[in-house]
Amino acid sequence: MATGTAGPLRQQALDEGLPLSERVLACVDLIPPGRVMSYKDVSEFVFGHPRSPRRVARVLSRDSVGSGVPWWRVIRADGSCATPVRSEQLRRLAEEGVPIRNEHVVMAAARWDGR
DNA sequence: TTTCTGACACTAG
DNA sequence: CCTAGTGCCAGAA
């Protein structure tokens with residue numbers, strides 16, 4: 001199909017006029033079930049460069065839990081999970097079929113780049 | 001303004 | 001696998 005539709009969330013994630021948290025959360029909302037993105041990947045998607053994974057992490061720690069977005073689909077680049085939520089995150093990911101080995105998500109198989 | 005700290009990333013050892 | 005050191009960005013003290 002012609003797919004001219006960028007998708008409201010996708011558009012929101014790229015809109016530089018919106019607040020940082022809204023853009024990051026919009027991006028996280030785009031991640032399909034069973035797939036994941038690293039903080040660095042989100043930085044690349046939202047900011048256009050991979051240099052601000054910590055800005056992404058800060059937004060997640062502040063506004064993600066309870067916001068309704070699938071925060072558990074954002075993990076470290078090496079496939080491990082952030083310390084504060086590691087346990088619940090691994091449980092949720094395993095629940096939706098994300099391949100995990102030794103407490104690490106198999107990035108090669110579950111990583112989502114936004115396509 | 002300097003320093004510390006954090007749901008990060010990467011390289012060395 | 002683990003610890004250090006460095007780079008990174010931003011908020012808090």
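Labels below follow one simple rule: chain letters A, B, ... track the order of the sequence lines, proteins then strands, and each chain is numbered from 1.
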A.B. asks: For A:V65, answer base if it contacts any base atom (sugar-phosphate contacts may also be present), sugar-phosphate if it contacts only those atoms, and nothing otherwise; contact means non-hydrogen atoms under 4.0 Å.
C.D. replies: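 Answer is base: heavy atoms of A:V65 come under 4.0 Å of a base.
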A.B. asks: With side chains defined as the heavy atoms from C-beta onward, is the minimum distance between A:L93 and A:I75 less than 4.5 Å?
C.D. replies: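 Counting from C-beta outward, A:L93 and A:I75 do come under 4.5 Å.
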A.B. asks: Looking at residues 97-115 of chain A, who's got a heavy atom less than 4.0 Å off DNA chain B?
C.D. replies: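 The answer is none.
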A.B. asks: Measure the distance from CD1 on A:I75 to C1' on B:dA9 and round it to the nearest whole Å.
C.D. replies: 14 Å
A.B. asks: Less than 4.0 Å between a side-chain N and a carboxylate O, is that true for A:E96 and A:R92?
C.D. replies: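 Here A:R92 does not pair with A:E96 in a salt bridge, since their nearest N and O are not under 4.0 Å apart.
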A.B. asks: A:W71 versus A:E88: any side-chain heavy-atom pair under 4.5 Å?
C.D. replies: yes
A.B. asks: Can you tell me if the side-chain N/O atoms of A:R54 get under 4.0 Å from OP1 or OP2 in B:dG6?
C.D. replies: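 So the side-chain polar atoms of A:R54 never come under 4.0 Å of the phosphate oxygens OP1 or OP2 of B:dG6.
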A.B. asks: From CZ of A:F47 over to P of B:dC8, roughly how many Å is that when rounded to an integer?
C.D. replies: 15 Å
A.B. asks: Is there a side chain to side chain contact (heavy atoms under 4.5 Å, CB included) between A:W72 and A:V85? Walk through the geometry before answering.
C.D. replies: CA-CA 9 Å; A:W72 58 91; A:V85 288; over 6 Å; no
A.B. asks: Answer yes or no: is there a side-chain heavy-atom contact under 4.5 Å between A:C27 and A:R10?
C.D. replies: no
A.B. asks: Using a heavy-atom cut-off of under 4.0 Å over every strand shown, decide if A:S64 touches base, sugar-phosphate, or nothing.
C.D. replies: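 The residue A:S64 makes base contact.
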A.B. asks: Using a heavy-atom cut-off of under 4.0 Å over every strand shown, decide if A:S52 touches base, sugar-phosphate, or nothing.
C.D. replies: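 Sugar-phosphate: the residue A:S52, judged by heavy atoms under 4.0 Å, touches backbone atoms but no base.
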A.B. asks: A:L25 CG to B:dA7 P: how many Å, rounded?
C.D. replies: 16 Å
A.B. asks: Does A:K40 place a side-chain N or O at less than 4.0 Å from the phosphate oxygens OP1/OP2 of C:dC8?
C.D. replies: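 For C:dC8, neither OP1 nor OP2 has a side-chain N or O of A:K40 closer than 4.0 Å.
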A.B. asks: Look at the side chain of A:Y39 and the base of B:dA7, then say whether one donor and one acceptor between them are separated by less than 3.5 Å.
C.D. replies: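 Pair found.
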A.B. asks: Just call it for A:R55: base, sugar-phosphate, or nothing, with non-hydrogen atoms closer than 4.0 Å on any strand.
C.D. replies: sugar-phosphate
A.B. asks: Please state how far atom CG in A:L20 lies from atom C1' in C:dC9, giving the value in whole angstrom units.
C.D. replies: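 My rounded result for the distance is 11 Å.
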A.B. asks: Nearest to the A:V85 side chain among B:dA9, C:dC9, B:dA7, which nucleotide is it?
C.D. replies: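 Comparing B:dA9, C:dC9, B:dA7 against the side chain of A:V85, the answer is B:dA7.
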A.B. asks: Would you name the heavy atoms of A:S38 and A:V74 that are closest together and state the gap between them?
C.D. replies: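 A:S38 and A:V74 have their closest heavy atoms at C-CG1, 4.3 Å.
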A.B. asks: Using atom CD of A:E44 as one end and atom P of C:dC9 as the other, report the distance to the nearest whole Å.
C.D. replies: 14 Å
A.B. asks: From the list B:dC10, C:dC8, B:dA7, which nucleotide is the closest neighbour of the side chain of A:A77?
C.D. replies: B:dC10
A.B. asks: Expressed in whole Å, how much space separates the C1' atoms belonging to C:dC8 and B:dT5?
C.D. replies: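 Those two atoms are separated by 13 Å.
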A.B. asks: Suppose you measure atom C1' in B:dT1 against the same atom in C:dA13; what distance do you get, rounded to whole Å?
C.D. replies: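 Nearest-Å result for B:dT1 against C:dA13 at atom C1': 12 Å.
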A.B. asks: Tell me: CG of A:D78 to P of B:dA7, nearest whole Å?
C.D. replies: 16 Å
A.B. asks: Please confirm whether A:R55 makes a cation-pi placement over A:F47, using NZ or CZ under 6.0 Å from the six-membered ring centre and within 45° of the ring normal.
C.D. replies: yes
A.B. asks: Would you call A:D78-A:R76 a salt bridge at under 4.0 Å N-O?
C.D. replies: no
A.B. asks: I want to confirm an ordering. Mapping A:P53 and A:R58 to their closest nucleotides on DNA chain C, which one lands closer to the 5' end?
C.D. replies: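 Upstream on the strand: A:P53.
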A.B. asks: Could you state the atom-to-atom distance from CZ of A:R62 to P of C:dC9 in whole Å?
C.D. replies: 19 Å
A.B. asks: Expressed in angstrom and rounded to an integer, what is the separation of A:D63 atom CG from B:dA7 atom P?
C.D. replies: 13 Å
